[in-house]
Amino acid sequence: MKGFLRKDGRKGIRNVIVVAYLVECAHHVARQIVTDFSGEDVHLIGFSGCAPNDYVQKMMENICTHPNVGAVLLVSLGCENFNRNKLSKHILTSGRFVEKLVIQDHGGTLSSVEKGKSILETFKSQLKTVERVDFKISDLMVGTICGGSDATSGFTANPSIGKAFDTLVAEGATCIFEEPGELLGCEHLMAQRAENKQVGVQLVDCIKKANNYYKAMGHDSFSAGNAVGGLTTIEEKSLGAYSKSGSLPIKALIKPGEIPEESGLYFMDVVPDGEALWGFPNINDNSEIVEMIASGCHIILFSTGRGSVVGSAVSPVIKVCGNPKTFENLSGDMDINSGKIISNGASLEALGAEIIALIKKVIQGKKTKSEQLGHQEFSLGYKYFHYGKKNCEM
């Protein structure tokens, strides 16, 4: 397997050009710039807010310097509060190609779009010079989330991913799972798997924080679709979600944008610190995916029972479907049919091995179903974390 070598020693499995708008007022121009590059590795990301936010700044810095990213065009209106110069300097220091395009300084929409397209053509030539080197499983970081869960998710797709996680971690990869709001009732199980007592206490505190946060918001992480799909309680959903993490020790907690320095299994605390002032922890599945990418994930394993068609900018998404009927109905969007456990009596071990085999093919360039279909969803909102403190310390 081969990867794209970056200045910090990390290796990417893609060499993506990112076009990033820094306020909603610049969104249209940025989208027009990427329109002519449909089907190419040119991805549109951005933040719609105007007021500054440390979390967003960190997320954008990490995503624009993700191992899968080779070049970045920043599209600014010119008067927003986002610190484009700080972001540009951060990207430049990482060794990537970067340009700023300020619409108010380039004569408006039409001239800015033409200038942006010209910059992307230059990037395409420059990216051909990026060195490719051997890529090992120990270079790999994989995240997992679930979305559109139903009654099959907890005993087919989720534990299949858990089997894959066990194999990947044993071979030196880094794996991340999250969704503290969907692990309510599992905190004692998680604490038993903590690598040490301190991590165990932090895991329990994290789930308590999630429980308090959802109570304050008046709604937990349980959708109407989950109930239609046969799930009865958040605790039942939690036990299924928990099985995505496999069986190995949990090394530590991280927050969105914190990048693990050692291989192993990590849990991401996505619930904002402090008072519940920032809306729901993640407003959709793609917000969760974006946070895992910001922490360095090359690939996302997306478990679903009812079916989801989303993908992501920057990192490929592999959809693991737990329901055989859903797989048949949405076969053009699903990558792995874990529903074979129900329909054909396949084993969890076999499905875990199938996921690993596909991951290796994706590293070598095979496009996932969402990549083939051009999915590049990206969602980033306001949050607050005590990044100066570790994990769930308040």
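Any value given below was found using the heavy atoms of this structure, including those in side chains, with hydrogens, waters and symmetry copies removed.
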Counting N and O atoms only, with roles assigned by atom type, does the side chain of [X] sit under 3.5 Å from a partner on the main chain of [Y], one being a donor and the other an acceptor?
| X | Y | answer |
| --- | --- | --- |
| Asn53 | Lys383 | yes |
| Arg193 | Leu248 | yes |
| Ser295 | Glu258 | yes |
| Asp139 | Lys136 | yes |
| Asp150 | Thr152 | yes |
| Gln364 | Met1 | no |
| Asn15 | Val130 | no |
| Lys7 | Thr93 | yes |
| Lys255 | His386 | yes |
| Asn196 | Val199 | yes |

- request: Among Val19, Ile17, Leu73, find the one that has a side chain to side chain contact (heavy atoms under 4.5 Å, CB included) with Val34.
  value: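 Single side chain to side chain contact (heavy atoms under 4.5 Å, CB included) partner of Val34 among Val19, Ile17, Leu73: Val19.
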
message: Using the rule side chain to side chain contact (heavy atoms under 4.5 Å, CB included), only one of Val362, Val314, Val69 pairs with Arg14; which is it?
response: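 Exactly one pass, corresponding to Val362.
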
- request: Sequence neighbours left out, what passes side-chain contact (heavy atoms from CB on, under 4.5 Å) with Glu80? Give chain and number order.
  value: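 Scan of Glu80 (side-chain contact (heavy atoms from CB on, under 4.5 Å), adjacent residues dropped) gives Leu22, Val23, Cys50, Ser76, Leu77, Phe82, Arg84.
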
message: So, using side-chain contact (heavy atoms from CB on, under 4.5 Å) as the criterion, who are the partners of Pro67 when residues are at least two apart?
response: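 Pro67: side-chain contact (heavy atoms from CB on, under 4.5 Å) contacts with Arg10, His298.
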
[X] vs [Y] side-chain heavy atoms within contact, under 4.5 Å:
| X | Y | result |
| --- | --- | --- |
| Phe155 | Ser243 | no |
| Cys206 | Leu253 | yes |
| Ile45 | Met60 | yes |
| Lys209 | Asp269 | yes |
| Thr304 | Met334 | yes |
| Val142 | Phe165 | yes |
| Val310 | Val317 | no |
| Leu184 | Ile207 | yes |

List the atom of [X], the atom of [Y], and the distance in Å for their closest heavy-atom pair.
| X | Y | value |
| --- | --- | --- |
| Glu377 | Gly311 | OE1-N, 3.0 Å |
| Asn62 | Gly257 | ND2-O, 2.6 Å |
| Gly185 | His188 | O-CE1, 3.0 Å |

Joint hydrophobic cluster, [X] plus [Y], side-chain heavy atoms closer than 4.5 Å:
| X | Y | answer |
| --- | --- | --- |
| Tyr21 | Leu380 | no |
| Leu301 | Leu348 | yes |
| Leu351 | Val169 | yes |
| Leu92 | Phe4 | no |
| Leu74 | Val29 | no |

task: With side chain to side chain contact (heavy atoms under 4.5 Å, CB included) as the test, would you mind laying out the steps for Leu358 and Lys366 before giving the verdict?
output: CA-CA 8 Å; Leu358 180 55; Lys366 178 183 175 65; 3.7 Å; yes

query: Which pairs with one or both residues in residues 309-330 pass ring pair (Phe, Tyr, Trp, His ring centres under 6.0 Å), sequence neighbours excluded?
result: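 Of all non-adjacent pairs touching residues 309-330, none passes ring pair (Phe, Tyr, Trp, His ring centres under 6.0 Å).
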
- request: Carefully, step by step, assess Gln32 and His28 under the rule side chain to side chain contact (heavy atoms under 4.5 Å, CB included).
  value: CA-CA 6 Å; Gln32 289 297 110; His28 175 77; 3.6 Å; yes

Spacing of [atom1] belonging to [X] relative to [atom2] belonging to [Y], to within rounding of 0.5 Å:
| X | Y | atom1 | atom2 | answer |
| --- | --- | --- | --- | --- |
| Met141 | Ile300 | CE | CD1 | 10.0 Å |
| Tyr382 | Ile283 | OH | CD1 | 12.5 Å |
| Glu354 | Ser338 | CD | OG | 7.5 Å |
| Met59 | Tyr55 | CE | OH | 3.5 Å |

With no hydrogens and no angle check, just 3.5 Å: does a side-chain donor-acceptor pair link [X] and [Y]?
| X | Y | value |
| --- | --- | --- |
| Asn284 | Ser287 | yes |
| Thr65 | Ser94 | no |
| Asp335 | Thr368 | no |

Would you give me the side-chain donor-acceptor pairs under 3.5 Å for residues 170-180, sequence neighbours excluded?
residue : atom : partner : partner atom : Å
Glu179  : OE1  : Lys244  : NZ           : 3.0
Glu179  : OE2  : Cys146  : N            : 3.1

query: Partners of Glu61 by side-chain hydrogen bond (donor to acceptor under 3.5 Å, both in side chains), sequence neighbours excluded?
result: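 For Glu61 the side-chain hydrogen bond (donor to acceptor under 3.5 Å, both in side chains) partners, ignoring immediate neighbours, are Gln57.
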
task: Test Lys163 against Thr167 for side chain to side chain contact (heavy atoms under 4.5 Å, CB included), laying out the working first.
output: CA-CA 7 Å; Lys163 291 293 183 184; Thr167 300; 5.8 Å; no

task: For salt bridge (charged side-chain N to carboxylate O under 4.0 Å, His left out), just list the numbers for Lys11 and Asp134, CA-CA rounded to whole Å, side-chain angles, deciding distance to a tenth of an Å, and then say yes or no.
output: CA-CA 9 Å; Lys11 302 165 189 173; Asp134 289 338; over 6 Å; no

message: Is it the case that atom CG in Leu110 sees more than 12 heavy atoms from other parts of the structure closer than 6.0 Å?
response: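 It does not: Leu110 CG has 12 such atoms or fewer within range.
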
Going by atom type alone, with no hydrogens or angles, which donor-acceptor pairs under 3.5 Å involve a side-chain atom of residues 113-126 and a protein atom two or more places apart or on another chain?
residue : atom : partner : partner atom : Å
Lys117  : NZ   : Asp36   : OD2          : 2.7
Thr122  : OG1  : Ser118  : O            : 3.3
Lys124  : NZ   : Glu40   : OE1          : 2.9

task: Kindly determine whether Phe302 and Ile145 satisfy side chain to side chain contact (heavy atoms under 4.5 Å, CB included), including the steps that lead there.
output: CA-CA 5 Å; Phe302 189 123; Ile145 70 158; 3.7 Å; yes

